[in-house]
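The chains referred to below are lettered A, B, ... by the order of the sequence lines, with proteins before strands, and numbering in each begins at 1.
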Amino acid sequence: MSRVLDALRMIWEIGWLRGLVVGFVTLTVVMLIAAFTIWFERKWSGRMQNRPGPTERGYGGWLQIFADFFKLLQKENLTPTATDRRLFDFVPPIVVFVVLSSLAVVPYVPQGPAADASVGVLLALAISSLMVFPVWAAGWSSNNKWALLGAMRAVAQSISYEIPLVLSALVPVILAGSFRLTEIVGAQADWHWFAFWPPGPGLAAFVLFYLSSLAEANRIPFDIPEAESELVAGATTEYGGMKFGMFYLGEYVHTFVASSLAALLFFGGWEGPGPDGLHWMLAKALILTASVIHVRWTLVRYRSDQLLRLCWTYFVPAALVLVFAAGLWRILAGGLA
Amino acid sequence: MHDTWIAALVFFAVAALFAWGIMLAWALLRVRGRRADPARDATYECGEEPDGSAWIRFHPRYYVVALIFVLFDVETIFLLPWALNLDDFGLVALVEMCLFLGILLLGWLYALKKGALRWQ
């Protein structure tokens with residue numbers, strides 16, 4: 001047993017080994033979580049609409065996602081002749097690459113992530129905001145009107161909501177005095193979760209962060225870029241087979257990453273009653289993911305211009321006010337002590 | 001220090017392996033050898049014949065949004081180091097940032113009054 005621990009410690013101390021091992025473990029688990037999120041979404045939305053959802057394969061239909069995955073693996077490669085073929089085929093894996101990469105700095109255990117960067121929050125948000133590029137490239141290279149409209153809306157929405165997203169993430173950063181995610185969680189020890197302490201700005205910042213990350217992930221009520229009843233499938237209209245699968249997988253991984261960040265920034269990450277650890281972090285992230293799905297099947301969607309106006313006239317000023325409130329608290333209260 | 005970034009780079013490589021690995025698996029397993037079919041390879045337009053290209057000049061309203069974004073994005077970049085160094089500078093930093101943002105908010109108000117976000 002101690003030999004295993006020694007081996008683990010050795011792996012942890014060598015950078016590239018840590019990246020490799022933590023990378024493989026984290027990404028495998030997160031892919032599985034994304035797969036089960038898809039299953040959960042189908043099951044839960046079914047229940048909400050008084051129908052059973054998937055039932056046939058495995059208990060409660062949980063094998064259905066794997067059946068779908070292997071079905072996608074066998075689909076033919078369809079590239080419409082009018083597209084910009086090279087860009088069209090190049091873009092899909094980038095979506096998954098980008099969302100998975102942002103996990104490099106997201107810690108799930110107290111020991112920290114693969115790379116406990118001093119600019120963790122910033123790097124995670126920066127990497128996941130790179131999603132704009134593959135989405136835009138997909139929409140433009142498709143040479144399809146639905147895809148063009150969807151991509152235009154997606155880009156406008158993503159860049160707009162990036163501002164309140166970053167600003168609301170700045171609130172815990174100010175309160176903790178650090179961009180390092182492990183330190184931000186450390187500052188929330190002893191039930192000083194930033195969502196509840198200091199009362200007010202933290203909770204409001206969480207609401208803004210949550211709504212903005214819904215918009216970033218193009219989820220209802222902010223899913224106008226792919227509004228299937230009017231835009232077919234938005235930027236991904238022309239995509240089929242695993243090329244579509246990449247966008248689909250990317251969306252669910254993105255939801256989980258955003259939920260993980262919210263749990264770390266506002267709900268104390270792995271802190272909790274009893275022993276700290278992975279279980280609390282996962283529980284919080286999964287509850288937030290489930291709430292995103294519940295919201296999706298509860299609300300209707302906004303119009304594109306309403307969406308942008310909501311962001312620029314309410315979210316951005318509100319986020320700025322919250323940043324100042326947090327700053328004032330930090331200066332007057334001298335930190336959280 | 002270097003260790004962290006090496007770990008991050010290796011992590012990115014693993015992420016790339018996952019993304020392109022699935023694509024490779026697909027390339028090996030997918031159905032092949034279908035005949036070319038102009039109707040199936042046409043652009044999707046709800047069953048109609050595609051009417052012209054989608055590579056067109058587009059309405060500039062999204063461009064206006066992008067301009068406002070650039071304004072606030074740069075402002076956010078200024079806020080980041082400010083947030084980290086609040087302890088050292090105290091209330092002075094808060095007041096100074098208030099002034100800076102006040103000027104920016106004038107531009108923001110101007111854009112709103114000009115109807116930058118009002119689509120007709």
| Under 4.5 Å from a heavy atom of chain B, the part of A:T237 involved | side chain
| So, for A:S101 and B:A15, which heavy atoms are closest and what is the spacing to 0.1 Å? | OG-CB, 3.7 Å
| task | Take A:L72 and B:W26 through the side-chain contact (heavy atoms from CB on, under 4.5 Å) test and state the conclusion after the steps. | result | CA-CA 8 Å; A:L72 273 180; B:W26 179 54; over 6 Å; no
| task | Using a cut-off of 6.0 Å, state whether more than 12 heavy atoms not belonging to B:F100 lie near its atom CZ. | result | yes
| query | Relative to chain B, which of A:V22, A:V119, A:T28 shows the most heavy atom pairs under 4.5 Å? | reply | A:T28
| said: Quick check for you: among A:W16, A:W140, A:F69, which has the greatest number of heavy-atom pairs under 4.5 Å with chain B? | reply: A:W140
| query | What pair of heavy atoms forms the shortest contact from A:K75 to B:R30, and how long is it? | reply | O-CB, 3.0 Å
| Criterion side-chain contact (heavy atoms from CB on, under 4.5 Å) on A:L167 and B:F72, from CA distance to verdict | CA-CA 10 Å; A:L167 288 180; B:F72 276 90; 5.9 Å; no
| message | For A:V166 and B:D73: C-alpha separation, side-chain torsions, deciding distance, then whether side-chain contact (heavy atoms from CB on, under 4.5 Å) applies. | response | CA-CA 9 Å; A:V166 173; B:D73 205 33; over 6 Å; no
| said: Please classify the contact between A:P113 and chain B as side chain, backbone, both or neither, with a heavy-atom cut-off of under 4.5 Å. | reply: neither
| task | Taking the side chain as every heavy atom from C-beta outward, state whether B:L17 and A:L27 have any atom pair closer than 4.5 Å. | result | no
| request: Give the member of A:I163, A:L308, A:V96 that has the highest number of heavy-atom pairs under 4.5 Å with chain B. | output: A:I163
| query | For B:T43 and A:A82, which heavy atoms make the closest approach, and how far apart are they? | reply | OG1-CB, 3.3 Å
| remark: Note: B:V65 and A:S160 closest approach over all heavy atoms is CG1-OG, 3.4 Å
| task | Among the options B:C98, B:A111, B:A27, pick out the one with the most heavy-atom pairs lying under 4.5 Å from chain A. | result | B:C98
| For chain A, which of B:L80, B:N85, B:L79 has the most heavy-atom pairs under 4.5 Å? | B:L80
| query | At their closest point, which heavy atom of A:A114 faces which heavy atom of B:A7, and how far apart are they? | reply | O-CB, 3.3 Å
| said: Checking ring-ring contact (aromatic ring centres under 6.0 Å, His included) between A:F97 and each of B:W20, B:F12, B:F11, which is the one that passes? | reply: B:W20
| query | If you measure from CG on B:L104 to CG on A:L320, what distance do you get to the nearest 0.5 Å? | reply | 9.0 Å
| query | Between A:L170 and chain B, which part of the residue has a heavy atom less than 4.5 Å away: side chain, backbone, both or neither? | reply | side chain
| said: Heavy-atom pairs under 4.5 Å with chain B: which of A:L122, A:L73, A:L100 has the most? | reply: A:L73
| task | Would you mind checking which part of A:I127 comes under 4.5 Å of any heavy atom in chain B, side chain (CB onward), backbone (N, CA, C, O), both or neither? | result | side chain
| query | Given that the side chain runs from C-beta out, which part of B:I68 has a heavy atom under 4.5 Å from chain A: side chain, backbone, both or neither? | reply | both
| Shortest non-hydrogen separation from B:A19 to A:M246 and the atoms involved | O-CE, 3.7 Å
| remark: One should read off an interatomic distance between A:K145 NZ and B:I56 CD1, to the nearest 0.5 angstrom, of 8.0 Å
| said: Can you confirm if the aromatic rings of A:F24 and B:F18 lie within a centre distance of less than 6.0 Å? | reply: yes
| query | Under a 4.5 Å heavy-atom cut-off, does chain B meet the side chain of A:S129, its backbone, both or neither? | reply | neither
| said: Can you confirm whether B:W82 sits close enough to A:I174 that some side-chain heavy atom of one is under 4.5 Å from a side-chain heavy atom of the other? | reply: yes
| task | Check the pair B:E75 / A:V316 against side-chain contact (heavy atoms from CB on, under 4.5 Å), numbers first and verdict last. | result | CA-CA 12 Å; B:E75 172 223 301; A:V316 170; 5.8 Å; no
| field | Contact leader toward chain B among A:V173, A:L249, A:L78, where contacts are heavy-atom pairs under 4.5 Å | value | A:L78
| Are the side chain of A:E238 and the backbone of B:Y44 linked by a donor-acceptor contact shorter than 3.5 Å? | yes
| said: Quick check for you: to the nearest 0.5 Å, what is the distance between B:D3 atom CG and A:I14 atom CD1? | reply: 9.0 Å
| query | Does any heavy atom of chain B fall under 4.5 Å from the side chain of A:L20, the backbone, both, or neither of them? | reply | both
| remark: Ranked by heavy-atom pairs below 4.5 Å to chain B, first place among A:I159, A:T81, A:L328, A:V323 goes to A:I159
| request: Mark yes or no for whether B:W108, through its side chain, and A:W312, through its backbone, hold a donor-acceptor pair below 3.5 Å. | output: yes
| message | If I measure from the heavy atoms of chain A, does B:F58 come under 4.5 Å with its side chain, its backbone, both, or neither? | response | side chain
| query | At what distance, to the nearest 0.5 angstrom, does OH of B:Y63 lie from CE of A:M152? | reply | 12.5 Å
| request: Can you tell which part of A:E162 gets under 4.5 Å to a heavy atom of chain B, answering side chain, backbone, both or neither? | output: side chain
| query | Measuring heavy-atom distances to chain B, does A:D116 have an atom under 4.5 Å in its side chain, in its backbone, in both, or in neither? | reply | backbone
| A:E76 versus chain B, heavy atoms under 4.5 Å apart: side chain, backbone, both or neither? | both
| message | Given heavy-atom pairs under 4.5 angstrom as the criterion, report whether the side chain, backbone, both or neither of A:M242 touches chain B. | response | both
| Measuring heavy-atom distances to chain A, does B:L101 have an atom under 4.5 Å in its side chain, in its backbone, in both, or in neither? | side chain
| request: Below 4.5 Å from any heavy atom of chain A, which atoms of B:I22 appear? Answer side chain, backbone, both or neither. | output: both
